Each structure stands twice: as structure tokens, then as C-alpha cells.
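A short write-up of the structure that comes next.
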Amino acid sequence: MTGFYGPPPGMGHGGYQYKKVDPPKNLKDLPRYFDELLGGFFSRLWYIVCLVWKTSPLILCTLLFISVFDGVMGPIGTVISSSLISEMQKVVEERAQTGTVSVASFWGSAILTMLITLFAYRIIKRVVDRISNTIIRAAGEKVVKQVKLEIMNKAKTVDLASFDNPAFYEKLENANREAGNRPVQTMQSLFGILSDVIALVSYIGILATIPNMWWMPVGIVIITIPSAIVNFVYRRKNFQYMRSRSSDRRQMNYYADLLVNKDMVKEIRIFNLSDKFIGRYESVFSRYYAGLRRLIVHESAWMIGIAIVSASVNCFFYGVIAYGVFLGTFDIGQYSKFTNSLTNIATHVTSLINTSASIYEGTLFIDNLLAFMHEKQTIVPSLDTPAGVKLGVPHTIEFDHVSFAYPGKDYCVIKDFSTSFRPGETVVLVGLNGAGKTTLIKLLTRLYDPTEGRILLDGRDLKEYSVEELYGIFGIIFQDFGKYAVSVRENIQFGDIDRPLDDSRIEESAKQANATDYINNLPAGYDTQLMRIFDRDGIELSGGQWQKLGIARAFYRDSDILILDEPTASLDPMAEQEIFNQFDNLRQDKTTIFVSHRLSSAVIATKIIVLKQGQLIEEGTHKELMEAHGEYYNLFATQARRYVEGGKDLIDEDDPDASVSEEGRHHRHGEGRANGEGHGFRPGGHGEGRGFRGGRGEGSEDGRPVPDGERHSQRPEGH
């Protein structure tokens, strides 16, 4: 039966388990073994043939022609050369008998004819070889492109969960590594077998003309069998070692890339980490190289022994033919023809074995590509005919007892989560790092499916909708939003590439994201190329500038549900407030979902959801949650304290509820400051006071004074 193999012991867990053919248990099990072994070999080989044919049928036709041409040209060259030598020997013998040879007779002699034939042969062979090399090099590039396209087209359908799995990267790394040369090399080898067979049959035919010497080609074939066995054994061992050590290669690539990564070089230099990573690279390489060296040395030892035996047998055969010349059985030309045939039989049998082993190895390595291409997609509609998503209308979202654990993990990051978002609501997700806020957004946008429970959109399970149409209703900015090495215009347009380019909308989106001023100051405005990856004159933006560009991208997309995962983390408080004001103006009836660590943004929400360790522990408006004195109150009060000069108490010690009462517009310490000196917590307040996010205000816009976190954060949770 077919088994699996993965990384060797001690290399960790979670690696992809590749199929392998279990060795036969007894003689009766041999048919099963060969059936699985050869079946897998020919199925992989057929995949390569189809891949090259898909790239260009001309490539296969060219390889076929070259293989036939090479197969017949070798024996033809041997016959021409030996005939030329035989003719020369006749001339030498004639001169020995007569003492002279007419120079004029040379121009009509067989020698001249054979020389012209030999030169024509060599010219044709060299021209065809050069043309074939050119075609193969060009074909190789086209096949590389085709394989890369296959990988990219597959990657766009792979579940996001796969990217969280190290085993997936093992398959991806292996597939990418083989994309450059394996398919063309394997095809060359496949047609090389045809060439070797044609040549082999031709040379055996030449030796068959020697009386009573039939055993010579048989002997040549027999002495190559050990070489074949060693070749196949060590090809497989090499393949299995390379695959099992793919983790080591990824580590070496990672450490090597760190020192040339422009985004990491500053920190690596400041913290003096270069030698640390160089040392780790050398350590991993030593571990990787030790096993590879053993394989190389063992294979070489076997091949040296076989080479000595093979050379000894060939010397014996040469001696037998030379003895025939000595006895006068053969002439010099025949000696050249027969010994050349012996040499070429050995060469082509060895080539046949090596080529077969190379094809076998190539098909094994192409299994890396097949493993990646067979990565299963699970984020697909649950219905044969997926439901369509209504666009341009308000939507209702419901989480129904949703739990979720990342693949390969045995604990849930979201636990029994239930709530609903009504059309037009502004929802803010609040919680400490790791509470599950971003994961919840990934579930809502169906980048993942819940482990338990379900998510409903307009009363239907998300799984019932077309995935592409579902993605179309979301306008989202992730924490790790994309930074693309293209122009400013394209960076914004990527928000909705299905929309015809609309320059006025791009500029309006930039204006809404408060990005117009810095874009207009760039060398080429909206056509400025960003990053220096491809363009040495590319502009490197600051974190805040990139974030505004990401927000402009979200504005450019006319989506029904706007999701903002820490959209303003790199912005200063004033710029952040302007962005939120724009969201307030633009969201209209759209459902908007925020994730933000700056809780001042939560006061505008119609619903605040507080998460802790993946569980919903509080839900309500800002006022309701402040009155509850629970987790949200503690988080808000603790953060508010950081914005207050000297950390002064701003909540009445005798009336803790003053922080949320409509009547408590001014704390008892700040009554005299209400005309301009008080500390307001709402952004955009007016007056001389210090706003919660850096604005100036005489107090809160809705009458809520800033809560004092220094004192109340010490209260028991939920007090």
C-alpha cells in the first residue's frame, strides 16, 4: 500500500506528508509494488508531457526531431571515419608496393569523396546542434513561464488557511525550485532515450558484422547494469534527502535574505544582528551539508569501483580486436570502426541508464509541483448553484455561536461568539492584542470558515454565496495592508480593478484620505513610482503616508460593508480625526466595522463589542458600557489617563457615574475650566482644553468628561 514520508525525526511536526511506495513485503507483493511504482512514474511523466505540450507543441516536435537526428548521426559518423581510414590504408599499401602514388589521382579518389562527406557531416551536425540548443534554451524560458503561471493561478485559489501552515510553504518552495528546469530537462532526457536506443541498435549492428564476436555487445551491456542500479538507488536517496531537508533550505534562504532585506537592514545594523544570522546560516548549512556529503561520497565510491571494472573489460575487448588486426583479420579502418562502436555502445548504455534515472528523478521532483497543484480548496460555495449577493443595499450580519481554531491548533481563538450587525450600524471591536478582533474580520469576509457555528449575511449562511461576489461587497483595510511597487495612481486603483480607471474618483479618494497634499508634492504626482524595488528613482513613503494611501484605496472601492482593521495606526491624532470625519460623511447607510486600539473612535459607534480571549464579554454603546464599569470602562479609562496632563483625577471620587451622566459635563475639578481650560476627550472639541486625541476642546462634545484611569483602573473588573 502507499505510505507517506515527511521530515526526518527531530525536524518538527506539521510537514507535508508525501506519498511513497512501500517496499514489497514478499514475492507475492511484487506486482503491487511495481504497479504503484511504475504507475506513479508514468502518471508524473505524462503530466510533464502535457505541461510542455500546453506551453508549445513545437517544443515536443523539435525535441523529437533532435533525438532521432542525434541517434542516427553518431553511427553515420563512425562509418564515414572508418571508411576514410580504410581508404587511406589502401593508398599506403599501394605506395608500399609501387613505391609511388600519382598526385593527380587524389582529386578523383575515394579519399577526397570521404573527406568531403566527413566535412559535410560535421558541418550539418554542428549547425543542427547549435539550432537545437537555441530552441531548447528558448523553450526552457517558455516552460518556466508556463509553470510559474500554473503556480500563480493555483495560488490565487488556495485557502488563506494554507498560508498559515508551514507545510504549505514546503510545497510552495519545492514547486518554485523545480519550475526553472525540471520539465524541460525531463523532456530532453525522455527524447534522449530514443536517441540512445537508435544509436545503440546501430552500433550493435556494426559489431554484428564481426565473425564470432556477438558476445562483445552483450558483455558491454552486462557491465553497465551495476551502474544502473547505483544510479537509480542514489537518485531516489538524493530526492528523498532534498525533500526531507526543505525546512533547512528555507531557513538558509531566510537568514541569507534577512541581511539583504532593505526593510530589515536598519534594525539588523543597530542591534548588531548580522553575525548572529550569519552564524545561524552556517549552523543550518553544516547540518544540511553533512547528510548531502555522505550521499555524494557513498555514491562516488560505488561508481569508482564500477568504473574500474568497466574500464578493465573494455581494455580486454580492445585487445581482442587489436589481435585481429595483428593476425590480418581486420584492417586499420575496421579496428577504428569496431573499437569506436564498442566505446559508443558502452557510452549509450550508460547514457540510457543515466537518462532513465534522470527521468525518474525528474518525475519525483515534479511531484513537488503536483503536491502544490493538488492543494485542496475548501473556501468554496456549499451550493451547486451559489446564491448571488445583492449589491448596493444595506446588509444584516449575524454570528451564530461561532468558534474558530487555526489549522493545526487545538485551541480556539474565537469561542462561542454570537451577535448581529444591523444595516447602517457602526461597530467597533475592542480588546487587547490577541483578543481575536482581526480573526473575527477574517471569518466575516470568509477568508476562513468557522470551526463551529455559522455566519449569516441577510439571513443566509456565508458559505451559500459565490465567494467572488461575497468579496465584492467588502471594502477593507487590514493592519498589514498592501504596499505595491507601482505608481500612486495604481496603488489607489487597486481598490477596485474591475472599475474602469476613473482619475477624478482616484483624486477624490485621495482627498477623502487626507493624502492630496503629499501626493501633489511628489515628483510626478499621481504617476510617481513608489519604492525602489524596480525604479531607482522610486519614492519611499513614510508609514503614515502609506496608510493614507491604503485608506484612499478603500474609499475608491464603492463597497456595501466597510471594514477598517487598525486603519489609522500610523497617523497622528489630527490626521486620524480627519479620516474618521470622512468615514462619518461617507458611510451613510453602509455597515462600518472598526478595529482600533484608540478607544476615542469608539464613542461614535452605534455598537461596541468587547472581546477577551476570543469571547464576547460586553456589548453596547459607549455610554452603556461606561455605566457598566466593566472591561471596556477599564480599557477606556486607562487609555484616557495617558492623554491627561499629570494624570490628574477627572472623575468625581464621590460620584463615579459622573463619567457617563449627561448632567456631568464637567468634573468637580474642572468646573472653572469649562470656559476653555478643561480637558476634553472627544476628538475635535473646541476651546483651549487638550482633546483626547490631541484636539483642543472645552470638554466632550456629548457632555462626557474624560474618565480617570489612574484610580478607576485599580477597581476590580466589572466594578
Side-chain angles (χ1 to χ4, degrees), residues 45 48-85 87 111-149 177-206 231 333 336-337 339-363 365-366:
L45 185 59
I48 296 172
V49 172
C50 292
L51 184 65
V52 176
W53 179 268
K54 187 176 180 180
T55 303
S56 174
L58 181 62
I59 297 175
L60 288 180
C61 295
T62 302
L63 290 173
L64 177 61
F65 167 77
I66 292 170
S67 65
V68 174
F69 179 84
D70 287 343
V72 299
M73 289 299 279
I76 289 174
T78 297
V79 171
I80 294 173
S81 296
S82 64
S83 298
L84 177 61
I85 292 173
E87 290 298 325
I111 292 178
L112 180 60
T113 302
M114 298 307 299
L115 279 173
I116 293 173
T117 304
L118 180 62
F119 292 151
Y121 161 83
R122 291 186 174 179
I123 290 171
I124 292 172
K125 192 172 187 311
R126 288 188 179 184
V127 169
V128 173
D129 285 346
R130 178 54 55 191
I131 293 174
S132 65
N133 287 336
T134 302
I135 292 174
I136 289 172
R137 284 179 60 192
E141 295 299 322
K142 292 189 69 175
V143 173
V144 169
K145 183 210 75 171
Q146 182 64 37
V147 175
K148 290 290 186 181
L149 286 175
R177 189 184 67 248
E178 305 309 326
N181 48 31
R182 289 288 176 182
V184 172
Q185 283 182 354
T186 304
M187 282 295 92
Q188 282 185 274
S189 299
L190 179 62
F191 286 103
I193 286 181
L194 177 60
S195 176
D196 287 327
V197 169
I198 293 173
L200 197 57
V201 171
S202 301
Y203 285 119
I204 290 175
I206 292 173
N231 251 307
S336 171
K337 180 169 64 176
T339 55
N340 195 23
S341 295
L342 276 174
T343 301
N344 278 288
I345 287 174
T347 299
H348 284 287
V349 170
T350 302
S351 175
L352 195 62
I353 293 168
N354 290 338
T355 301
S356 300
S358 177
I359 293 173
Y360 178 64
E361 183 185 45
T363 61
F365 275 103
I366 213 67

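Worth saying up front: this structure is predicted, and the values here are computed from it rather than measured. Heavy atoms only: backbone and side chains are in, while hydrogens, waters and symmetry mates are out.
Atoms CG and CD1, from D196 and I345 in turn, are 12.5 Å apart once rounded to the nearest 0.5 Å. For the atom pair OG (S67) and CE (M187), the distance works out to 11.5 Å, reported to the nearest 0.5 Å. Separating the CZ atom in R122 from the CZ atom in R126 is a distance of 7.5 Å, to the nearest 0.5 Å. Put simply, CD1 on I193 and CD1 on I198 are 12.0 Å apart, with the number rounded to the nearest 0.5 Å. Note that the CG atom of N340 and the OG atom of S82 stand 8.0 Å from one another [nearest 0.5 Å]. Expressed to the nearest 0.5 Å, how far NZ of K125 lies from OG of S132 amounts to 8.5 Å.
With a 4.5 Å cut-off on side-chain heavy atoms, L63 and I135 do not count as touching. Between I124 and F69, the closest side-chain pair of non-hydrogen atoms falls below 4.5 Å. Two residues are said to be in side-chain contact when any heavy atoms from C-beta on lie closer than 4.5 Å; L64 and L194 meet this criterion.
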- Which is it for L190 and V49 under the side-chain contact (heavy atoms from CB on, under 4.5 Å) test, yes or no, and what are the steps along the way? CA-CA 10 Å; L190 179 62; V49 172; 4.2 Å; yes
- Could you go through the side-chain contact (heavy atoms from CB on, under 4.5 Å) check for S202 and V72 one step at a time? CA-CA 8 Å; S202 301; V72 299; 5.7 Å; no
- Task: Walk me through it: do L60 and F191 pass the test side-chain contact (heavy atoms from CB on, under 4.5 Å)?
- Result: CA-CA 9 Å; L60 288 180; F191 286 103; 3.9 Å; yes
- Task: Verify side-chain contact (heavy atoms from CB on, under 4.5 Å) between I80 and S83, making sure each step is shown before the conclusion.
- Result: CA-CA 5 Å; I80 294 173; S83 298; 5.9 Å; no
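Nearest heavy-atom pair, L118 versus L84, reported as atom, atom and distance to 0.1 Å: CD2-CD2, 3.9 Å.
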